[in-house]
There are 2 protein chains.
Amino acid sequence: MVKQQVERQHTPSMEDYLEAIAMLRDANKAVRVSQISRRLKVRMPSVTSALERLSEKGLVVHERYRYVELTPEGESVAEGVVHRHEALSRFFTEALDIDRETAEEDACKIEHVISSLSLERMIKFIEFIQSCPLEEPNFPKRYKYYLEHGQLPEECLARGLEKEERRK
Amino acid sequence: MVKQQVERQHTPSMEDYLEAIAMLRDANKAVRVSQISRRLKVRMPSVTSALERLSEKGLVVHERYRYVELTPEGESVAEGVVHRHEALSRFFTEALDIDRETAEEDACKIEHVISSLSLERMIKFIEFIQSCPLEEPNFPKRYKYYLEHGQLPEECLARGLEKEERRK
DNA sequence: AAGAATTGTTAGCCTTGCCTAACAATTATA
DNA sequence: TATAATTGTTAGGCAAGGCTAACAATTCTT
């Protein structure tokens, strides 16, 4: 588990294009400029010029008026982005109990900047709360209670107080 | 608790400048271009031009060759950024047990893009694990154990298994 | 107080990444 | 198949945000 924070190679915008291309291809088959344009909510000329920059870096293949494809390298960059996106989105919804829409929005932004260590910890955290076989000291349940009521459930507080008593 | 995701007004770069100015002022007294330059690791002309943009938006006051000051509005923007930074940094170190350096780096990036809802939840989460008065079903302790060993402590697993037995 | 050192500004350049307007190629349809 | 609709490209513009080189103001030192 070495820390080799590989200086981020691509801009958020580039990563967004690669991600969009990967996802469109998974959903349909052939990826067109217009689809990318709609998905990322930018105009077509912006897509064309982004694709140019991406080909220069060897991440996509795009012949004029034709479909867009990822190179193996583009593929692997896209995969990384999608992976980060999914982990973040799960962390927000499952661990922090945030609504899907906000979770997606935040994941879209944070996927471009988070360190691999923090991401790894978030993934571990989800594993942790899911693998926890206990029901009474149940993390997500108590957390949600706390979110709603601003304090822990009665029985927890009670036990906490006992403790403090004993300490005196 | 209404969701009024006030369309983010300022760029990450602008926010960085405001944050840096606020923190330098808190540490020393009068803020100079050279200090900002060193702190943000950009050249002085970049600072000068950034300050120009910031004055146009009414966020700082800067007379040629003189000190830099925040306007009340700049102040409040800076305060927001610092607040987000601190919450994120605490979340990473205290909740996810990430080293201070990585936590700071990530906070610096994420502070510019996270939604107020997610931030609020992270703050609540820290409150939660801190206010938890229980020791045995101790979240941070068990989480750290899980981080190190890849599974929960014996007694948890044991109890989990008991449960499954009963279910059969 | 004069010269040296430091600090700050200006001018000008570059890239990214978006945009609109105009035109060109492709595809669909009468 | 000719024309209309759609899709894509080119050209050109603009703002943000960084840079260097050259110059100007300020401050420090003797």
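The model shown is predicted, which means the values in this text are computed figures rather than measured ones.
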B:E52 has an atom CD; how far is it from atom P of D:dG18, in whole Å? 14 Å
Atom CD of A:E15 to atom C1' of C:dT16: distance rounded to whole Å? 15 Å
To the nearest Å, how far apart are A:L54 CG and C:dT16 P? 11 Å
Please give, in whole Å, the distance from C:dG17 C1' to A:M14 CE? 8 Å
Just N and O in the side chain of B:H10: are any of them under 4.0 Å from OP1 or OP2 of D:dG17? no
Look at the side-chain N and O atoms of B:H62 and state whether any lies under 4.0 Å from the OP1 or OP2 oxygen of C:dG8. no
Pairing of A:R90 and A:E86 as salt bridge, 4.0 angstrom limit: no
Contact list (N/O, under 3.5 angstrom) for nucleotides 24-29 of chain D vs protein:
| from | atom 1 | to | atom 2 | distance (Å) |
| --- | --- | --- | --- | --- |
| D:dA25 | O4' | B:Y65 | OH | 3.4 |

Pairwise side-chain contact, B:I110 with B:F92, heavy-atom cut-off 4.5 Å (strictly under): yes
Distance check: side-chain N/O of B:S34 vs OP1/OP2 of C:dG8, anything under 4.0 Å? yes
Looking at B:T11, does any N or O in its side chain come under 4.0 Å of the phosphate oxygens OP1/OP2 on D:dG17? yes
Please determine whether side-chain contact (heavy atoms from CB on, under 4.5 Å) holds for the pair A:F91 and A:L119, giving the CA-CA distance in whole Å, both sets of side-chain angles, and the decisive distance to 0.1 Å. CA-CA 9 Å; A:F91 182 81; A:L119 192 82; over 6 Å; no
Donor-acceptor pair, distance only, cut-off 3.5 Å: does the side chain of A:S37 make one with the backbone of A:V42? yes
Does anything in residues 67-78 of chain A pair up under side chain to side chain donor-acceptor pair (under 3.5 Å), and if so which pairs, sequence neighbours excluded? A:R25-A:E75
Once you round it to whole Å, what is the distance between C1' of D:dG17 and NE2 of B:H112? 14 Å
Between B:R39 (side chain only) and B:A20 (backbone N and O only), is there a donor and an acceptor less than 3.5 Å apart? no
Carboxylate-amine/guanidinium contact A:E104 A:R100, below 4.0 Å: yes
Evaluation steps, side-chain contact (heavy atoms from CB on, under 4.5 Å), between A:D16 and A:E111: CA-CA 10 Å; A:D16 281 335; A:E111 69 192 15; 3.7 Å; yes
Backbone N or O of B:D97 within a donor-acceptor pair of the A:R121 side chain at under 3.5 Å? yes
Could you check B:L51 against A:K57 and say which one's nearest nucleotide on DNA chain C is further toward the 5' end? B:L51
Pairs under 3.5 Å (N/O, protein and nucleotides 18-20 of chain C):
| from | atom 1 | to | atom 2 | distance (Å) |
| --- | --- | --- | --- | --- |
| C:dC18 | OP2 | A:Y17 | OH | 3.0 |
| C:dC19 | OP2 | A:R43 | N | 2.9 |
| C:dC19 | OP2 | A:S46 | OG | 2.7 |
| C:dT20 | OP2 | A:R43 | NE | 3.2 |

